[in-house]
Amino acid sequence: MQEIKSALEKIAIQIADEVKFTDLGYTQNQNKTGDTQLKLDVKSDMIITEILGAIPAVKALVSEEKDEILDCGSGNLVIAYDPLDGSSLVDVNLSVGSIFGVYENEISPRNLKMSAYIVYGPRLEMVICEDEARLYRLNREGKFDFIKVLNLGEKGKLNATGATQKGWSETHRKLVKSLFDEGYRLRYSGAMVADLHQILLKGGGLFSYPATTDAPNAKLRVTFEVLPFAFIYERAGGATTDGKSETLFDLKIEKIHQTTPCFFGSKYEISRVREFYKEI
Ligand code: FBP
């Protein structure tokens, strides 16, 4: 895993540079879930493929920007990643990120052994999690310094509400309103990495991306967006659910670009989600 951590540092520095200076135009192509690919999505994917693909322990790569699994060696690790999450926000200069899940042998929720994400924001930060969520930040010498271990409190103050409100269920609308009535503040940028990073750093709250009338399986991808963050949130003392489940780790994976409704937060907020959703 040490080799992967060093590789993530290289990836972070190279993609941060691309985010600053690369052409923001779209390509002609769409990825497996129908998003038109930005040149930056493709460039970020190439950087990650080159660096992670060269590690002997890595046997395969799964990317939001690749239709199929890429076999790349005889190791025992499969890395699933989102090369540039929230990429549609780069042209408005908001924070975006990269997300990684390191699975042992094959992609399955319980085979996830490490996950990480990088935030390309005013500062270049990375969180790496095996047993605990460790925050690192790039210093003036171009090296990543360990800052602290991130932990979620029992209850927070932030409410990040994803998906098109017009398509929300009545149950979801009541849940979101109940938290605002309790005094929660709205914090939603539209980049999952930045929104979940904020709740982690501020010690608690709720991020929700529910099923909607137009998207019954919601939008966020299980293998390289949802499970890597569920791994971090649960090891930071928080909880996760798809509305019904005890944990997002109860999900069954049928295909690598599968999407799911998802909720991440501190324990109080996730218990509220389950209370409301048991109505459905
Ligand atoms: P990608 O940019 O990797 O496709 O990620 C999807 C995403 O942008 C998430 O970062 C974010 O949480 C969500 O979609 C925003 O969706 P919406 O615009 O529907 O709220």
Side-chain angles (χ1 to χ4, degrees), residues 1-24 37-55 58 61 63-65 79-102 114-130 132-152 158 160 187-203 207 224-225 228-229 231-233 235-236 264:
M1 293 299 189
Q2 192 43 51
E3 228 181 331
I4 293 176
K5 288 179 193 164
S6 323
L8 292 175
E9 292 184 358
K10 266 195 243 147
I11 288 167
I13 290 167
Q14 286 189 30
I15 295 183
D17 196 55
E18 297 295 336
V19 166
K20 281 200 191 74
F21 305 114
T22 290
D23 156 2
L24 296 178
Q37 293 175 314
L38 280 162
K39 291 176 185 156
L40 205 43
D41 288 323
V42 176
K43 182 75 187 183
S44 306
D45 190 45
M46 282 162 58
I47 290 169
I48 295 172
T49 305
E50 202 180 305
I51 295 174
L52 292 182
I55 299 175
V58 176
L61 295 174
S63 165
E64 177 181 323
E65 305 307 338
I79 305 185
Y81 62 90
D82 178 353
L84 204 61
D85 175 69
S87 52
S88 58
L89 297 176
V90 175
D91 63 348
V92 291
N93 209 12
L94 282 178
S95 295
V96 293
S98 302
I99 311 170
F100 304 85
V102 182
M114 182 172 100
S115 71
Y117 66 86
I118 303 164
V119 185
Y120 310 104
R123 300 185 290 200
L124 183 55
E125 291 184 334
M126 182 156 58
V127 171
I128 298 183
C129 183
E130 287 182 87
E132 56 187 10
R134 299 170 65 81
L135 173 65
Y136 299 85
R137 185 176 300 142
L138 191 76
N139 63 25
R140 288 178 190 283
E141 288 70 48
K143 297 274 176 266
F144 279 93
D145 295 332
F146 170 66
I147 306 298
K148 63 180 174 179
V149 173
L150 302 178
N151 286 306
L152 286 160
L158 305 182
R187 289 290 183 279
Y188 187 74
S189 72
M192 173 186 196
V193 168
D195 295 329
L196 286 164
H197 189 57
Q198 175 163 204
I199 292 172
L200 259 176
L201 285 175
K202 300 281 185 185
F207 174 97
F224 43 77
E225 289 176 322
F229 265 107
F231 189 90
I232 292 169
Y233 263 60
R235 278 159 188 71
F264 306 83

Lys/Arg N to Asp/Glu carboxylate O, Lys39 vs Asp23, below 4.0 Å: yes
For Val193 against Asp85, the heavy-atom pair lying closest together: N-OD2, 3.1 Å
Electrostatic pair Glu130-Lys5, nearest N-O below 4.0 angstrom: yes
Nearest heavy-atom neighbours spanning Asp195 and Arg187: OD1-O, 4.3 Å
Test: Arg235 cationic atom under 6.0 Å from Tyr233 six-membered ring centre, within 45° of axis: no
From Tyr117 atom OH to Phe229 atom CZ, the distance as rounded to the nearest 0.5 Å: 5.5 Å
Closest approach of Asp45 to Ser63 (non-hydrogen atoms, all atoms of both residues): OD1-OG, 2.9 Å
Any Ile79 side-chain heavy atom under 4.5 Å of Ile4 side chain: yes
Listed partners of Glu9 passing side-chain hydrogen bond (donor to acceptor under 3.5 Å, both in side chains), at least two apart: none
Smallest separation among heavy atoms of Leu52 and Ala7, with atom names: CD2-CB, 3.9 Å
Gap separating the CD1 atom of Ile55 from the CE atom of Met1, nearest 0.5 angstrom: 10.5 Å
Asp82 side chain to Glu225 backbone, donor-acceptor under 3.5 Å: no
Ser95 to Pro122 - nearest heavy-atom pair and separation: OG-CD, 3.7 Å
Heavy-atom check, side chain of Phe264 versus side chain of Leu196, under 4.5 Å: yes
Close side-chain approach of Ser98 and Tyr120, heavy atoms under 4.5 Å: yes
Reported OG-to-CG distance for the pair Ser88 and Asp41, which is rounded to 0.5 angstrom: 9.0 Å
CD/Glu50: more than 12 non-hydrogen atoms of other groups inside 6.0 Å: no
Worked verdict on Ile128 versus Met114 for side chain to side chain contact (heavy atoms under 4.5 Å, CB included): CA-CA 8 Å; Ile128 298 183; Met114 182 172 100; 4.1 Å; yes
Atom pair CG (Asp145) and CG (Asn139), whose distance is rounded to the nearest 0.5 Å: 4.0 Å
Minimum side-chain heavy-atom gap Arg137-Leu124 below 4.5 Å: no
Distance in Å, Ile47 CD1 paired with Leu40 CG, rounded so as to fall on 0.5 Å steps: 8.5 Å
Side-chain donor or acceptor of Ser115 paired with backbone N/O of Gly101 under 3.5 Å: no
Full working for side chain to side chain contact (heavy atoms under 4.5 Å, CB included) between Ile147 and Glu125: CA-CA 10 Å; Ile147 306 298; Glu125 291 184 334; 5.9 Å; no
Within-4.5 Å side-chain heavy-atom neighbours: Ile51 and Gln14: yes
Derivation and outcome, side chain to side chain contact (heavy atoms under 4.5 Å, CB included), residues Leu158 and Phe207: CA-CA 8 Å; Leu158 305 182; Phe207 174 97; over 6 Å; no
Full working for side chain to side chain contact (heavy atoms under 4.5 Å, CB included) between Ile99 and Phe224: CA-CA 7 Å; Ile99 311 170; Phe224 43 77; 6.0 Å; no
Pairwise distance OG1(Thr49) to CD(Glu65) - rounded to 0.5 angstrom: 10.5 Å
Contact check, side chains of Leu138 and Lys143, non-hydrogen atoms, under 4.5 Å: no
Charged tip of Arg134 within 45° of Phe146 ring normal and under 6.0 Å: yes
Leu38 side chain reached by Ser87 side chain, heavy atoms, under 4.5 Å: yes
Donor-acceptor side-chain pairing of Ser44 and Tyr81 below 3.5 angstrom: no
For Thr22, all residues meeting side-chain hydrogen bond (donor to acceptor under 3.5 Å, both in side chains), sequence neighbours excluded: Glu18
Nearest atoms (heavy-atom pairs only) where Ser189 meets Leu94: O-CD1, 4.3 Å
Heavy-atom side-chain proximity of Leu152 to Leu200 below 4.5 angstrom: yes
